[in-house]
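Only heavy atoms go into these numbers, but all of them, side chains included; no hydrogens, no water, no symmetry mates. Proteins get letters first, then strands, A, B, ... in listed order; numbering begins at 1 in each.
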Amino acid sequence: MTEDELDDRIRKVARGYHEPPTTPRERMWQAIVARRAEAKVIPIGTPRRTRRPLFWVTALAATFLLGIAVDRLAQRSPGPVPASAPTGAESNLALQVATTQYLSRMENFLTEFRMTEGDTLFQAQARDLLTSARLLLDRPGIQDPKVKALLEDLELILVQIVQPGATGRPSERKLITDGLQERQVLPRLRDQIPAGQSHFGVS
Amino acid sequence: MNGPWRRCNPLWRFIVIFHSMGRFAMARDPAEQPSLVNRVLAGDPAAERELYDTHVDRVYRLAYRMTGDSTQAEEYTQEAFIKVYDRLATFRGEAALSTWITSVALSVVLNGLRSAKRRKAREHDLELADRVVSFERHSDPDLKARLKTAIDDLPEGYRTVFLMHDVEGYTHQEIADSMGLQEGTSKANLSRARARLRVALADFAGAWE
């Protein structure tokens, strides 16, 4: 028997190797549908939103807290104030920096919120921003009524966003985005961010 | 014993597969392919099902041939289609859709088999040793069983090419595109696989004459 003949025989016998049964189409399709639903796979063509690295959230929060801490230290500094110690103007500057960064974060957050579907990461970020808004509102340094009103509006919006399931329900999302539009939150935010220190509303 | 394909890192294999799809393949069904893909990408559920119905037999058959187990074959087929839907946006249309799907399915099956093999090797070291000894003594009188053992013992690259070409009827071009190989490498692997099987079944040759 030649090699070719032997190969031919082997090929014929090999057709019985792991001979597949009828394809269980429906069963597998149901499983695929279920697994994709479980993984919350939404329309295939939808590009996956790139999750912002937690690094940036953490870094911005750290900067914000540092600003607050510097401000507090400056105000509570006991004893005679040395020439190099932060003055009232310097501590206000720290608060201005923190406020600017906060408003920038809010602008980014709200812009993305309007364009994408919410998820748990969104809510975690909203909680962080809510805490920061309340800290800022507690600071006596912020006296400009425009900035105060803006921060109060932002606080209300964030309270709505952090409600469980709020970002997942279309009706809730619509309420939030309608509120954003009615109160002109984003234009007011943008007014405050790029204009320089005189617009920060910090005395 | 182990070819370069088997030795290299699985991540590299993946990169090679996707890269090669663009380099070597030609679209084989250009009229049908883009419209179906676009419909699926647009989120049309009917198109998703159509894509599944068109290609599921081929994927399942290959998965079953490679695993010999219906549960595993179903599992790998499902995983392959989930990956296909997830990554369809990266399909550039330069390869035939069926080839691209086969390459995704192959990577799922081969990775799954490797994991299973590692698990089994840990659990059944002694049993495996016994099986190798019995094979070397040519004590198995049944041709089909001997052939099964011989195919099972082929290196992964040889076995895959043998099953795809000689058993499932894929062309060398399709195999090369799916596995990220040169067509010549696919032919060489098939030739080596056949040679090994001939040696393993040499004592049956006389009976067939």
**OP:** Determine, for A:Glu26 against B:Arg49, whether the closest basic-nitrogen to carboxylate-oxygen distance falls under 4.0 angstrom.
**Re:** yes

Original post:
Between A:Arg15 and B:Glu168, does at least one N-O distance fall below 4.0 Å, as a salt bridge requires?
Top reply: no

**OP:** For B:His172, check ring pair (Phe, Tyr, Trp, His ring centres under 6.0 Å) against everything at least two apart and list the hits.
**Re:** B:His165

Original post:
Are side-chain N/O atoms of A:Tyr17 and B:Asp166 paired as donor and acceptor at under 3.5 Å?
Top reply: no

With a 4.5 Å limit on heavy-atom distance, are the side chains of [X] and [Y] in contact?
X: A:Arg35; Y: B:Phe81; result: no
X: A:Arg9; Y: B:Leu147; result: no
X: A:Glu3; Y: B:Arg194; result: no

**OP:** State, to 0.1 Å, how close A:Pro24 and B:Tyr60 come at their nearest heavy-atom pair, and which atoms those are.
**Re:** CD-CZ, 3.6 Å

**OP:** Give the member of B:Val167, B:Thr67, B:Ile151 that has the highest number of heavy-atom pairs under 4.5 Å with chain A.
**Re:** B:Ile151

Nearest-0.5 Å distance that lies between atom [atom1] in [X] and atom [atom2] in [Y]:
X: A:His18; Y: B:Lys148; atom1: NE2; atom2: NZ; value: 4.0 Å
X: A:Met28; Y: B:Gln78; atom1: CE; atom2: CD; value: 7.0 Å
X: A:Leu6; Y: B:Leu201; atom1: CG; atom2: CG; value: 7.0 Å

Subject >> Listed partners of A:Arg25 passing side chain to side chain contact (heavy atoms under 4.5 Å, CB included), at least two apart >> reply: A:Thr23, B:Tyr52, B:Asp53, B:Val56, B:Asp57

Subject >> Top of A:Pro21, A:Gly16, A:Ala31 for chain B proximity - count of heavy-atom pairs under 4.5 angstrom >> reply: A:Pro21

Subject >> B:Leu163 versus chain A, the contacting section by heavy-atom distance below 4.5 Å >> reply: side chain

